[in-house]
Amino acid sequence: MNWVYIEDISNFKDQEVEIRGWVYNKRSSGKIRFLLVRDGTGILQGTIFSPKKDSPLFKQFDDLTQESSIIIRGRVREEKRAPGGHEINIEEINIVQIAQEYPITPKEHGIPFLMEHRHLWLRSQKQHAVLQIRTELVKAIRNFFDGRGFRLMDTPILTPSACEGTTTLFETKYFDQKAYLSQSGQLYNEATIGAFGKVYCFGPTFRAEKSKTRKHLIEFWMVEPEVAFATLDDTIELGEDLIIYIIERILEKNKNELKILERDTKLLERIKKPFPRITYDEAQKKLKEKGSKMEWGDDFGSPEETLMSNIYDIPVCVTHFPAKIKAFYMQPDSKRPDLVLGVDVLASEGYGELIGGGQRIHDLDLLEKKIKEHNLPRKAYEWYLDLRKYGSVPHSGFGLGIERTLSWICKIKHIRETIPFPRLLYRIYP
RNA sequence: UCCUCGGUAGCUCAAUCGGCAGAGCGGGUGGCUGUUAACCACCAUGUUGUAGGUUCGAGUCCUACCCGAGGAGCCA
């Protein structure tokens, strides 16, 4: 018999097929029974029809519990009354396992309970839809960079010291030395561009910050392109192109998932290039007018990010930040040395920073000076300084947070639902 | 780390002034030939987060602790 997946069911009209999956729900009405089966690709309604009450199929149906694993066989029909428009007349049920009483019922549950059952919660429709979009998002990102000739460079997760020094790192043992979990692959990719020209890394990132908000994960995924000879403007344009490519791709491939999530796709459809650009100076002034207490020299707070996304209905690029609120490697603006050539791309609809990046310092003397100013251990950065000794070039890049981007596209309230097993402050189970 | 809120049946919640701990879902039993989180009838379900205190009497008041949620700072 023909084992098929539910997503392909419309190709098997009036044919005998086999479906392997789990009981999503069941209903009965006297001599007709309805079985909703889930197989990871969709949900299909099966019917059992019998004039006799003591039919063996009915007995099997009655034994089934929510999430029991089964293999069913029968003929596929088009059926307007069935959810999804297709239905299977069940002729045979093969019970793989009768599930114990399933904790997640088709009613409401609280967040603590669902988080405790994350391993099962993934089976629910909305969670399934978000993660389905996640796989498409990752594929889109890879296609985008591969299609533009970027080389994938996997940067190390175990690193000998702080990449940026400022944020908190997870410390671990490396035999008889200390090591830290990576919080960015950027510095390493500033080396690989010397070998490959344009590169990207895509991997997990760890931040031991005690952040407890809907925008933070302790472990998250980030894609970081880096391009030799690229300026700030080049990197902004690359970021815009990437975001637009992702959106177009998901709008095309994930119509069904976006519908399940009740996402208003009009807000995504109107995102076009170029994104509005605003300097830090202008942004600070504008925010002050709108009632923010932010002074020149302060970094954007959460209320400021929200204010910004109320002003614009597509993502906005903020550039030219005060040097003192940004990382040591950022290239100063030649006209205003107190500013750096950095960019933050803030999402629309209040989803915060999607991209952070900019142009890096390529001058050896300047970089040495900055390392000293930031009290960083010079020895750890010897290799990084080497890159400025042997054919140094202006170069730029950025990092885009996968989960932030996904929560924005799906309009999910909390970032914890955008990764199968979120690592959060105070939660590492399951 | 700080601020705010919460913890009662498997789940979601209710319980008036401190006075018998209860409803829906889920589970069980029966009914129904097109259900859409089906419906109808009946049945069972409790260390009220933990420890102590006040009181004739505590889910309710007090103290400490534990766990969780929302937010801030920091960031992608």
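Order of the sequence lines fixes the chain letters, A, B, ..., with proteins taken first and strands second; residue numbering starts at 1 for each chain. This structure is a prediction, so every number in the text was calculated from the model and none was measured.
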Just call it for A/E219: base, sugar-phosphate, or nothing, with non-hydrogen atoms closer than 4.0 Å on any strand.
-> nothing
Please work out which residues in residues 346-362 of chain A have a non-hydrogen atom less than 4.0 Å from an atom of RNA chain B and list them by number.
-> A/E353, A/L354, A/I355, A/G356
Assess A/K26 against A/F61: is NZ or CZ under 6.0 Å from the centre of the six-membered ring, and within 45 degrees of the ring's axis?
-> yes
Measure distances between side-chain N and O atoms of A/H109 and base N and O atoms of B/C11, and say whether any donor-acceptor pair falls under 3.5 Å.
-> no
Will you find, in the side chains of A/T279 and A/D281, an N or O donor that is under 3.5 Å from an N or O acceptor?
-> no
Where are the stems of RNA chain B, defined as at least 3 consecutive Watson-Crick or wobble G-U pairs with both distances under 3.5 Å?
-> B:1-7 with B:66-72, B:10-13 with B:22-25, B:27-31 with B:39-43, B:49-53 with B:61-65
With C1' as the reference atom in both, quote the distance from B/C5 to B/A9 in angstrom, rounded to an integer.
-> 24 Å
Any chance the side chains of A/S184 and A/E224 put a donor and an acceptor closer than 3.5 Å?
-> yes
Which residue pairs pass the ring-ring contact (aromatic ring centres under 6.0 Å, His included) test when at least one of the two sits in residues 278-307 of chain A, sequence neighbours left out?
-> A/Y280-A/W296, A/Y280-A/F321
Pairwise C1' distance for B/C62 and B/U54, with rounding to whole Å | 7 Å
Do A/E101 and B/C11 share a donor-acceptor pair, side chain to base, under 3.5 Å?
-> no
Go through A/W121 and A/F113 one step at a time and tell me if the ring-ring contact (aromatic ring centres under 6.0 Å, His included) criterion holds.
-> CA-CA 10 Å; A/W121 188 22; A/F113 178 79; 9.8 Å; no
Classify the nucleic acid contact of A/S28 as base, sugar-phosphate or nothing, counting any heavy atom under 4.0 Å across all strands shown.
-> base
Which value, in whole Å, describes the distance between the C1' atoms of nucleotides B/U33 and B/A69?
-> 47 Å
Kindly say if A/S302 contacts the phosphate of B/A72, meaning a side-chain N or O under 4.0 Å from OP1 or OP2.
-> yes
Is any N or O donor-acceptor pair between the side chain of A/S211 and the base of B/C74 shorter than 3.5 Å?
-> yes
Tell me whether the centres of the aromatic rings in A/F328 and A/Y381 are closer together than 6.0 Å.
-> yes
Nearest to the side chain of A/R427, which nucleotide is it out of B/U1, B/C32, B/A69?
-> B/A69
When the P atoms of B/C17 and B/U50 are considered, how many whole Å apart are they?
-> 25 Å
Considering just the side-chain nitrogens and oxygens of A/R416, establish if one lies under 4.0 Å of OP1 or OP2 belonging to B/G68.
-> no
With sequence neighbours left out, the residues meeting side chain to side chain contact (heavy atoms under 4.5 Å, CB included) with A/T135 are none
Gap in Å between the two C1' atoms, one belonging to B/C61 and one to B/U45, rounded | 30 Å
A/F34-B/G34 aromatic stacking (under 5.5 Å, under 30°) | no
For B/U48 and B/G6, measure between their C1' atoms and round to the nearest Å.
-> 14 Å
Given the C1' atoms of B/A44 and B/C2, what is the spacing between them in whole Å?
-> 47 Å
Which pairs count as ring-ring contact (aromatic ring centres under 6.0 Å, His included) when at least one residue sits in residues 73-94 of chain A, sequence neighbours excluded?
-> none
Would you mind writing out the side-chain donor-acceptor pairs for residues 239-249 of chain A within the sub-3.5 Å range, not counting sequence neighbours?
from, atom 1, to, atom 2, distance (Å)
A/E240, OE2, A/F275, N, 2.8
A/D241, OD1, A/K273, NZ, 2.9
A/D241, OD2, A/R148, NH2, 3.0
A/Y245, OH, A/R249, NH1, 3.2
A/R249, NE, A/E136, OE2, 3.3
A/R249, NH2, A/E136, OE2, 3.4

Which nucleotide in B/G34, B/A37, B/U1 has an atom nearest any side-chain atom of A/R77 | B/G34
How far, in whole Å, is B/A41 from B/U4 if one measures between their P atoms?
-> 47 Å
So, A/K288 and A/E295, do they make that salt bridge, N to O below 4.0 Å?
-> yes
